[in-house]
Amino acid sequence: MADLIVTIDGPAGSGKSTVARLLARKLGASFLDTGAMYRAITFAAMQAGVDLSDERTLLHVVQKHKFQFSVRGGQMRVVIDDVDVTGQIRSPEVTAKARYIAAAPKVREKLVQMQREFAAGRRKIVTEGRDQGTVAFADANVKFYLTAEAPERARRRQAELRAKGCNEGLEQTQKAIEERDRSDRSRTVGPLKPAEDAIVVDTTKLSIDKVVETLLELVREKC
Ligand code: DC
């Protein structure tokens, strides 16, 4: 297992992906975006046209295809059966359907195992998701839980979508975010919640740089 494991969990739009990537760079650590793994399985299952609520079929999808996750230029690169799908897994359709994969216990088990294997091959990692501090790396050196108020998270998500040329009303974006929150928090396996020993940071009024600086100081203090 890595010498330094920092986990960052939190809801969509809390800033965890950007913060995790920048923090990893400052710490000279590898960055793991576990949401990309759930998105990759979702994409493969959608391509195969299978029933997303059937866990056995989903497991078959996981076993049948070759998934490769690597980091290039600080970004998670996702390759399925030698085809780069890094951009495609970020579509609104995949975002909406990922909750089926996230609620499948056996698929989660497999992904947690892959996340631990990723950590085993590295000296330092910063990993982000929903269950990193609670399930995947319960013994992590430092655990963070980022939150932000829903309207601010919707605003950030909308800006992200706009940058990709996708226009969605703010109200619609906030509704989708709140729907994802509900499904993330209510599933029985790996639900979204702060680990008991996590440091909770509300990013609503903080810039990305400020959040990274705060987390970096806390990591240095603790390690
Ligand atoms: O962080 P994200 O939006 O890329 O996550 C995509 C989906 O995967 C989202 O529905 C939550 C789920 N997820 C999860 O259940 N556990 C994780 N560790 C990471 C993501």
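Whatever order the structure lists them in is the order used to number ligands and atoms, beginning at 1.
- Residues with a heavy atom under 4.0 Å from ligand 1: K16, T34, G35, Y38, R39, R90, A98, A102, R108, G129, R130, D131, Q132, R180, D184, R187.
- Screening residues 81-95 for salt bridge (Lys or Arg N to Asp or Glu O under 4.0 Å), with sequence neighbours left out, gives D33-R90, K66-D82, R77-D84.
- Relative orientation of the H65 and F67 rings is perpendicular, given thresholds of 30° and 60° on the angle between their planes.
- Side chains of T173 and E168: a donor on one and an acceptor on the other come within 3.5 Å.
- Between D184 and the options R180, R182, R187, a side-chain hydrogen bond (donor to acceptor under 3.5 Å, both in side chains) holds for only R187.
- Under the 3.5 Å distance criterion, with hydrogens and angles disregarded, a donor-acceptor pair is assigned to the side chains of R156 and T203.
- No more than 12 heavy atoms of other residues, nucleotides or ligands sit less than 6.0 Å from atom NZ of K210.
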